[in-house]
Peer 1: 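Supplied in structure tokens, the structure appears directly below.
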Amino acid sequence: MTDVPESHPRRASLLTRDLIVAGVEAGITSPHGLIAHGRGEAYDYLLGEASGPWALRACEAAAAWLLAADHPVLSVNGNAAALVPAELVRLSRITGAPLEVNIFHGSRERERAVAAHLEAHGAERVLRPEAGTALEGLDSNRRYVHPEGLLRADVIFVPLEDGDRCEALRRMGRQVLTVDLNPLSRTSRAATVTIVDNVVRALPALIAAAERLGGETDQSRAARIAAWDNAAALGEAEARIRSGGG
Ligand code: PTJ
């Protein structure tokens with residue numbers, strides 16, 4: 001780990017970078033994940049490395065969707081596994097949504113490493129893709145899914161998604177909840193709910209929202225879902241970036 005002084009103004013960002021590097025070294029994160037992370041860092045810098053009000057509201061909308069779903073699934077790639085493994089396990093417990101490994105850069109070894117990492121953080125069961133089970137309308141490795149998980153999921157939480165799959169899932173009528181620091185990405189624009197925030201800050205906020213909303217009635221969760229305006233939230237995040245107020 002990098003020896004970052006406590007007083008360093010960007011300490012949290014540098015420590016998060018260490019997690020991604022450790023993920024690559026452990027065979028959990030793809031080397032491409034380093035580049036994706038760097039892109040995220042640039043947006044985070046412009047957003048002031050803090051969670052905006054749009055992100056906290058998005059966490060409530062996403063929590064409402066997860067709790068209202070019939071078959072919610074938490075889809076985990078190599079970056080998310082390296083950055084927030086314990087939080088994903090906790091979110092899975094609270095919402096009852098199973099964890100499923102789903103990676104863009106295909107590798108059986110890495111799928112196993114991601115699952116083992118989640119299990120080391122307390123997951124009892126982690127679904128992995130099955131070669132014979134594929135989502136129609138999707139060409140990348142992400143089409144391979146588990147029959148009890150993504151194949152039949154109605155609501156999918158997929159942090160750090162790539163645009164192709166998000167668009168394909170939406171075309172199939174699935175609800176997609178994502179975390180993406182780039183409010184302009186295709187994923188951000190196609191998703192049902194986009195949490196424009198760093199996944200390391202978004203997951204604790206999403207867990208807290210799921211705990212709060214767990215006690216609400218179905219009607220009140222439905223009202224939150226109906227009131228959510230994704231384009232407006234993206235617009236707020238973009239305005240923050242363009243204002244130079246980061
Ligand atoms: O493990 P794999 O093979 O599934 O690969 C995972 C990555 C992330 C490499 C893959 O899905 C990929 O290439 O993603 P993209 O298309 O680069 O998109 C990643 C998006 O996540 C970009 O819009 C980044 O800005 C954003 N991002 C990166 N780091 C973070 C982030 N958003 C939130 N928090 C982050 N820490």
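Residue numbers start at 1 and run along the sequence shown. Atoms within a ligand are numbered from 1 in the order they appear, just like the ligands themselves.
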Peer 1: Measure the distance from atom 22 (C) of ligand 1 to every protein heavy atom, then report the residue, atom name and distance (to 0.1 Å) of the closest one.
Peer 2: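 It is D180 OD1, 3.7 Å.
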
Peer 1: Geometry only, no angles: is L83 polar-contacting ligand 1 at N/O separations under 3.5 Å?
Peer 2: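 No.
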
Peer 1: Taking 4.0 angstrom as the limit, do E161 and R165 come out as a salt bridge?
Peer 2: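 Answer for the salt bridge query: yes.
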
Peer 1: Report yes or no: does V114 have a heavy atom closer than 4.0 Å to ligand 1?
Peer 2: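 In this structure, V114 fails to qualify as a contact of ligand 1 - no heavy atom is under 4.0 Å.
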
Peer 1: Using 4.0 Å as the upper bound for N to carboxylate O, is an ion pair formed by R108 and E111?
Peer 2: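 Here E111 pairs with R108 in a salt bridge, since their nearest N and O are under 4.0 Å apart.
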
Peer 1: Are R142 and D162 ion-paired here, with the side-chain N under 4.0 Å from a carboxylate O?
Peer 2: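 A salt bridge is present here (some side-chain N lies under 4.0 Å from a carboxylate O).
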
Peer 1: Are F104 and I28 linked, directly or through other ILVMFWY residues, by side chains that come within less than 4.5 angstrom of each other?
Peer 2: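 No, F104 and I28 fall in different hydrophobic clusters.
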
Peer 1: Under 3.5 Å, is there a donor-acceptor pair linking the side chains of T16 and S13?
Peer 2: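 Checked: T16/S13 side chains show no N/O donor-acceptor pair below 3.5 Å.
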
Peer 1: What protein heavy atom sits nearest atom 4 (O) of ligand 1, and how far off is it?
Peer 2: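 Looking only at protein heavy atoms, the one closest to atom 4 (O) of ligand 1 is F104 N, 2.7 Å.
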
Peer 1: Report the part of E161 in contact with ligand 1, treating N, CA, C, O as backbone and CB onward as side chain, heavy atoms under 4.0 Å; options are side chain, backbone, both, neither.
Peer 2: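 The answer is the backbone of E161.
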
Peer 1: Mind checking whether E100 and R128 have side chains closer than 4.5 Å, heavy atoms only?
Peer 2: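 No, their side chains stay 4.5 Å or more apart.
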
Peer 1: Among all the protein's non-hydrogen atoms, which is closest to atom 9 (C) of ligand 1, and how far away is it?
Peer 2: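 It is G33 CA, 3.7 Å.
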
Peer 1: For atom 28 (C) of ligand 1, what's the nearest protein heavy-atom neighbour? Residue, atom name and distance, please.
Peer 2: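 Answer, as residue, atom name and distance: A36 O, 3.1 Å.
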
Peer 1: Select one of side chain, backbone, both or neither to describe which atoms of V200 lie under 4.0 Å from any atom of ligand 1, heavy atoms only.
Peer 2: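 Under 4.0 Å from ligand 1, V200 contributes no heavy atoms.
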
Peer 1: Could you say whether the N/O atoms of R39 and ligand 1 ever approach to under 3.5 Å?
Peer 2: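 Yes, R39 has an N/O under 3.5 Å of an N/O on ligand 1.
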
Peer 1: Geometry only, no angles: is I103 polar-contacting ligand 1 at N/O separations under 3.5 Å?
Peer 2: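 Checking ligand 1 against I103, no N or O pair falls under 3.5 Å apart.
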
Peer 1: Any carboxylate oxygen within less than 4.0 angstrom of a Lys/Arg side-chain nitrogen, looking at E119 and R112?
Peer 2: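 Result for this pair is no, no salt bridge flagged.
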
Peer 1: Give yes or no for whether the N/O distance cutoff of 3.5 Å, strictly under, is met between N198 and ligand 1.
Peer 2: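 There is such a contact, yes.
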
Peer 1: Write out the residue and atom name of the closest protein heavy atom to atom 34 (N) of ligand 1, then the distance separating them to 0.1 Å.
Peer 2: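 Sorting protein heavy atoms by distance from atom 34 (N) of ligand 1 puts V199 N, 3.0 Å first.
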
Peer 1: Taking atom CG of L169 and atom CZ of R174, what is their separation to the nearest 0.5 Å?
Peer 2: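 Separation between the atoms: 6.5 Å.
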
Peer 1: Considering heavy atoms of the protein only, find what lies nearest to atom 5 (O) of ligand 1 and give residue, atom and distance to 0.1 Å.
Peer 2: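 Scanning the protein heavy atoms, the shortest distance from atom 5 (O) of ligand 1 goes to H105 ND1, 3.6 Å.
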
